[in-house]
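Beneath this line is the structure, given in structure tokens, with notes to follow.
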Amino acid sequence: MLDTFKGASPAALDAIREEMGVRRTQELFLLFAMGSQFDHLIFQELAKLGVYCLVADPASVTAEDVATLKPIGIILSGGPASVHSEPPPFDSKIFDLGIPVLGICLGFQMWAKHLGIRVASGHQQLSVHNAIMHAQNLLLADCPTEMPVLQSHGDEVSADGRLAIFATCDGVVAAAGHRHFYGVQFHPEVHETAYGRTIFENFCFKICGAKDRFPAQDVAKQKIDELRQQIGDKKVLLALSGGADSSTVAYLLKHATNGASQLRGIYIRGIDRPDDEAFVHRYFGNQDWISLVIIDATEQFLEALAGKTGMRDKRIAMRSVYKPTLENQAQVFAPEGDVLIAQGTLYTDICESGGGHASGARKASIKLHHNTNLGFSFPEITPLADCVKDGGRDIGRKIGVPEELLVRHPFPGPGLVVRIEGEITREKLVMARQLDEIYIEELRRAGQYERVWQAGVVVTQSQHTFTKGDDAGSGPVIAYWAVNSVNGFTAHAARLPDEVHDRIVRRFGNEVHGIGSIAYRMSNKPFSTIEWG
Ligand code: XMP
């Protein structure tokens, strides 16, 4: 199967024909990935609708390639570039082929600029807004006259006599059309946009005239079959964290390997949450299908992190311990070297690290994740690399991963390193662990743990004066947070009941030595990321 369409080479055309044969369809959509963090969500939305969508590289695909391929619709994603200062690579003759185009955010601005419509700068909208519908139109058919949409843009398409304006958000053009061009300034691919799937459905079926829907595939079975082929009789060493993703990979591997002599899990202690190791023991210790090794790398982590204060440097230091620890254990497990290293890497991790759909468009590198581009000296398997969080959990549910593991809050691979500002010391690690333990315990006690998607506490570098008894001193500001999300691409600050805040703050103050003050973080993603750094 072709991953990214880079041009109409005979090999690419053969692969596409083959896939269309399997799907028994003549209908194809091209998604030009313009570097958006959300491009894979668009891809997934189309997959859920059952249409065949191919990701296309805007830097190499020409109008001739598109004419050869004859897609029935073209989608241009958003991206970090601006049509003014750094026009993204794209053969604008593609716009003149007459194929229906749906531009999302930057994609909308690109076709507008191509038509000579002004794209204005400077009016940022970075949150959920209410879109008000102005005219009946096919793109927003079956959507209500007012609906919440996620805006995340700095530039915007100006109202222009040539545009049929379908909807606005606080006076900004939110959705519009002109001949075969359709555009939305907001992001229909994210959960916050209430009628996003309806909009994609309208574009594909009402505007582009698609008729075929390919039945949903059994993704879990497909992944297990692929793993069996990849693994053969080699051994597999899996990095286990006690979280949902690596646990799901463990269960996929359970079905693709032949027991504990072929599959080994490794848990690395040192920068982990207080209860991670217990979860790993409970579910992966003493099993006949997986053997378990626990490595205490606390000293190595502290040594690598000493003197590092910037988040990126600390992430790199964490990787410098994580990678050789896995490689050494792979060598121990299979001295003859016939071994694969498996990780629970998600598409989100790859995308935020600046990777993702192979395209020449600029992508923002938000943060370097611990489990991407490590360049192991052993082959690597990452069966969830095309999934985001909710998709990974769905697969886990299908193959019997215990619910208790699936509903655990996500936790960043670099562990408490990203929850401590400044240099990581033994004392700060103890403090971060104590805070996490109290916070999670109180959320569970109040029945809030399952109601929020993720929660954490950060030991910041800001110092705050405290008085205790008649004495005074200063200590770090502690920032705790909780978010609701579906897949981590976007998130909303969770509202916790006052009495829960009260109890948490009281326990932090009473039980954790040396805290200066306590704050609750309220910003959403966008614009803040979920983790501090
Ligand atoms: P951000 O902070 O980027 O986080 O909004 C999105 C989700 O990813 C988790 N996260 C990480 N996970 N390695 C990981 O495995 C990392 O380096 C990393 N950084 C963030 C984060 O906890 C959230 O669930």
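All heavy atoms count here, side chains included; hydrogens, waters and symmetry mates do not. All ligand and atom numbering here is 1-based and tracks the order in the structure.
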- Query: For atom 14 (C) of ligand 1, what is the nearest protein heavy atom, given as residue, atom name and distance?
  - Reply: Gly413 N, 3.1 Å

- Item | Shortest heavy-atom approach to atom 12 (N) of ligand 1 - which of Pro412, Gly344, Ser528 | Pro412

- Decide whether Glu192 and Thr490 meet the rule of one side-chain donor and one side-chain acceptor closer than 3.5 Å. yes

- Query: Quick one: is the NZ or CZ of Arg282 closer than 6.0 Å to the six-membered ring centre of Phe279, and within 45° of its axis?
  - Reply: yes

- Task: Would you mind checking which non-hydrogen protein atom is closest to atom 3 (O) of ligand 1, with the distance to 0.1 Å?
- Result: Glu352 OE1, 2.4 Å

- Just which atoms of ligand 1 are under 4.0 Å from any heavy atom in Lys525? 1 (P), 3 (O), 5 (O), 6 (C)

- Task: Look at atom 17 (O) of ligand 1 and say which protein heavy atom is nearest, naming residue and atom and giving the distance to 0.1 Å.
- Result: Arg315 NH1, 2.5 Å

- Do Tyr449 and Tyr439 touch side chain to side chain, with heavy atoms closer than 4.5 Å? no

- Note on the structure: Paired with Gln109, the side-chain contact (heavy atoms from CB on, under 4.5 Å) test is passed by just one of Ile104, Leu76, Val83, namely Val83

- Message: Whether the Glu531 and Gln454 side chains hold a donor-acceptor pair (N or O, under 3.5 Å, no angle test) is what I'd like checked.
- Response: yes

- Item | Phe284 ring center near Tyr267 ring center (under 6.0 Å) | no

- Message: Is it true that Ser377 and Glu327 share a donor-acceptor pair across their side chains at a distance under 3.5 Å?
- Response: yes

- Numbering the atoms of ligand 1 from 1, which are under 4.0 Å from a heavy atom of Pro414? 13 (N), 16 (C), 17 (O)

- Classify the ring geometry between Phe489 and Phe38 as parallel (under 30°), tilted (30 to 60°) or perpendicular (over 60°). perpendicular

- for atom 22 (O) of ligand 1, nearest protein heavy atom and its distance come out as Glu531 OE2, 2.6 Å

- Task: Could you find the nearest protein heavy atom to atom 24 (O) of ligand 1 and give me its residue, atom name and distance?
- Result: Gln454 OE1, 2.7 Å

- So, does Lys389 sit close enough to ligand 1 that a heavy atom of it is under 4.0 Å from the ligand? no

- Query: Between His84 and Asp155, do the side chains contain an N or O donor and an N or O acceptor separated by less than 3.5 Å?
  - Reply: no

- Among protein heavy atoms, which sits nearest to atom 16 (C) of ligand 1, and what does the distance come to when rounded to 0.1 Å? His369 ND1, 2.9 Å

- Query: Of all the atoms in ligand 1, which lie at a distance below 4.0 Å from a heavy atom belonging to Trp453?
  - Reply: 24 (O)

- Task: Look at atom 1 (P) of ligand 1 and say which protein heavy atom is nearest, naming residue and atom and giving the distance to 0.1 Å.
- Result: Ile530 N, 3.5 Å

- Item | Atoms of ligand 1, numbered as shown, that sit under 4.0 Å from any heavy atom of Pro410 | 24 (O)

